[in-house]
Amino acid sequence: MSERLWDILVSSFPRLLGYGLKVTLPLTALSFALALVISVIVAMIQYAKVPVLRQLCRFYIWIIRGTPLLVQLFLVFYGLPQLGVVWAAFPTAVVVFGFNEGAYMAESVRGALESVSRGQMEAGYCVGMNYFQIMWHVVLPQAFRTAFPALSNSLISMMKGTSLAATITVMEMFRQAQVINGRVYESLALYSETALIYLMFSTVLTYLQRWGEKRLGQYGAVK
Amino acid sequence: MSMIEIRNIHKSFDGTEVLKGIDLSVNKGDVVAILGPSGSGKTTLLRCINFLERADSGEMVFDGERFNLNAIRRREIARIRRKTAFVFQNYNLFLNKTVLENVTLGLTAVRKLPKAEAKARAMDALVRVGMADKVNSYPAQLSGGQQQRVAIARGLASEPEIIYFDEPTSALDPELIGEVLSVMRKLAEEGMTMLVVTHEMEFARSVSSKVLFMEGGRVIESAPTAAFFSNPQQARSREFIRSILQSRQG
């Protein structure tokens with residue numbers, strides 16, 4: 001490896017990592033939080049078979065899952081301004097990522113809710129709890145444990161997906177790699193380096209998932 | 001005066017009539033055993049009485065208050081359920097809660113008791129069923145018999161006027177049935193009012209005070225326990241008792 005290339009890699013690494021920590025991860029965290037709220041609401045509406053709202057939820061999932069994330073980003077960031085809706089790049093990314101992944105996560109959560117035995121609900125009624133008390137104390141915690149691996153999947157996929165925000169001018173880690181590359185023309189080295197940092201992040205998330213599963217597994221069956 | 005009276009209850013599932021007009025009355029301190037072959041509607045009857053299924057028609061008098069079973073309001077259901085407890089065939093303990101939390105949840109979430117008081121009451125109930133040494137276990141770590149005893153404690157903790165049992169030993173391995181029946185026997189001796197759907201003939205004969213024999217969605221015979229077993233009036237009852245005793249011996 002030439003000395004020049006080595007210098008480029010060494011000097012770009014802290015920069016890329018900095019953008020990763022300061023932009024990519026916060027973008028992921030905010031989008032995921034939004035997705036989690038959306039998914040639980042959408043899943044609960046379907047689980048409770050609320051009329052009208054339930055159809056709306058199906059419609060939302062149909063639209064989001066049926067169109068590419070990149071197209072959704074462009075539509076909101078470049079398309080909506082024509083209707084007078086102008087959002088800054090970062091909030092746009094949070095909202096689009098949140099609504100996008102939220103649709104997939106809603107299906108994971110719904111599946112998990114439906115896997116909780118009907119008898120749990122009945123037992124809750126018999127001790128006098130109302131629907132929301134049973135959901136809060138009994139059904140949601142159990143569903144959360146079931147959905148946890150799928151939700152972790154979503155989190156990791158979302159973290160990598162934030163690189164798409166580069167296309168709507170969000171200065172995140174990948175966009176920063178592009179900028180540096182524009183100066184030095186070392187695509188192979190720089191994008192490999194960027195990939196490595198994403199890999200580091202997702203490795204940490206994988207460990208977090210394992211730790212979380214262990215904690216949630218405490219009330220589980222076989223020890 | 002009876003504590004619970006059910007009049008002319010009807011229930012159909014998808015056009016099949018499962019309950020064809022059943023009457024039932026339970027006095028304070030009664031232990032009523034509901035017997036009958038599979039598919040006779042026993043469980044459905046119990047579930048309708050505790051509103052886990054909505055009856056198509058019928059009337060209930062509970063503590064002197066009259067309710068139309070088909071038109072009863074959610075708030076009225078909640079009020080009645082506070083005075084009752086239900087023990088399921090499959091225990092249905094809250095799987096994400098420890099033994100202690102299973103018993104306290106209804107007290108803290110519904111009755112808004114302070115934590116310490118709820119715990120004290122839960123411990124009392126767990127002692128009564130012999131499960132006080134397992135307070136921190138999760139249901140998945142217990143045997144079926146232990147889970148069922150915790151389920152009974154969960155019911156007891158709310159100090160109900162009546163406990164409904166829906167085939168409480170049917171899901172248990174034979175060697176675990178005894179521990180659950182002996183808890184129920186003790187409750188009966190203490191004067192607890194109980195309505196028990198069961199296949200345990202010996203238990204019905206020795207513990208219950210009254211028998212309701214059902215078949216095909218109707219009550220075939222309703223009689224004090226001693227009379228029912230020694231001198232059943234209906235041919236079907238005699239046949240049922242004989243077949244059960246034979247299967248025991250054979």
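From a predicted model like this one, the values you see are computed outputs, not experimental measurements. In the text below, chain A, chain B and the rest are named by the order of the sequence lines, each starting its count at 1.
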Q: So for B:R82, is it side chain, backbone, both, or neither that comes closer than 4.5 Å to the heavy atoms of chain A?
A: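 Neither the backbone nor the side chain of B:R82 comes within 4.5 Å of chain A.
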Q: Over all heavy atoms of both residues, which pair between A:T67 and A:Q72 is shortest? Give the atoms and the distance, please.
A: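 Residues A:T67 and A:Q72, closest heavy atoms: OG1-NE2, 2.8 Å.
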Q: With sequence neighbours excluded, tell me which residues meet salt bridge (charged side-chain N to carboxylate O under 4.0 Å, His left out) with B:E101.
A: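 So B:E101 forms no salt bridge (charged side-chain N to carboxylate O under 4.0 Å, His left out) with any residue.
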Q: Using heavy-atom distances under 4.5 Å, tell me whether B:R79 contacts chain A through its side chain, its backbone, both, or neither.
A: neither
Q: Heavy-atom distances under 4.5 Å only: say whether B:L107 touches chain A with side chain, backbone, both or neither.
A: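 Answer is neither: B:L107 stays 4.5 Å or more from chain A.
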Q: Decide if the gap between the ring center of A:F174 and the ring center of A:Y191 is smaller than 6.0 angstrom.
A: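 Yes: the rings meet the under 6.0 Å criterion.
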Q: Would you call the rings of A:W62 and A:F59 parallel, tilted or perpendicular, taking 30° and 60° as the class edges?
A: tilted
Q: Applying side chain to side chain donor-acceptor pair (under 3.5 Å) to B:N136 and B:T98, what does each step give before you reach the verdict?
A: CA-CA 5 Å; B:N136 292 319; B:T98 64; 5.2 Å; no
Q: So what's closer than 4.5 Å to chain A heavy atoms on B:S137: side chain, backbone, both or neither?
A: neither
Q: What part of A:Q133 is in contact with chain B, defined as an atom under 4.5 angstrom from a non-hydrogen atom: side chain, backbone, both or neither?
A: side chain
Q: Given a strict heavy-atom distance threshold of 4.5 Å, which part of B:F94 is in contact with chain A: side chain, backbone, both, or neither?
A: both
Q: Side chain, backbone, both or neither: which part of B:A78 has a heavy atom under 4.5 Å from chain A?
A: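 For B:A78, neither part sits under 4.5 Å from chain A.
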Q: B:N90 versus chain A, heavy atoms under 4.5 Å apart: side chain, backbone, both or neither?
A: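 For B:N90, no heavy atom lies under 4.5 Å from chain A.
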Q: Can the positive tip of A:R145 be found less than 6.0 Å from the middle of the six-membered ring of A:F148, inside 45° of the ring normal?
A: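 So A:R145 doesn't make the cation-pi contact.
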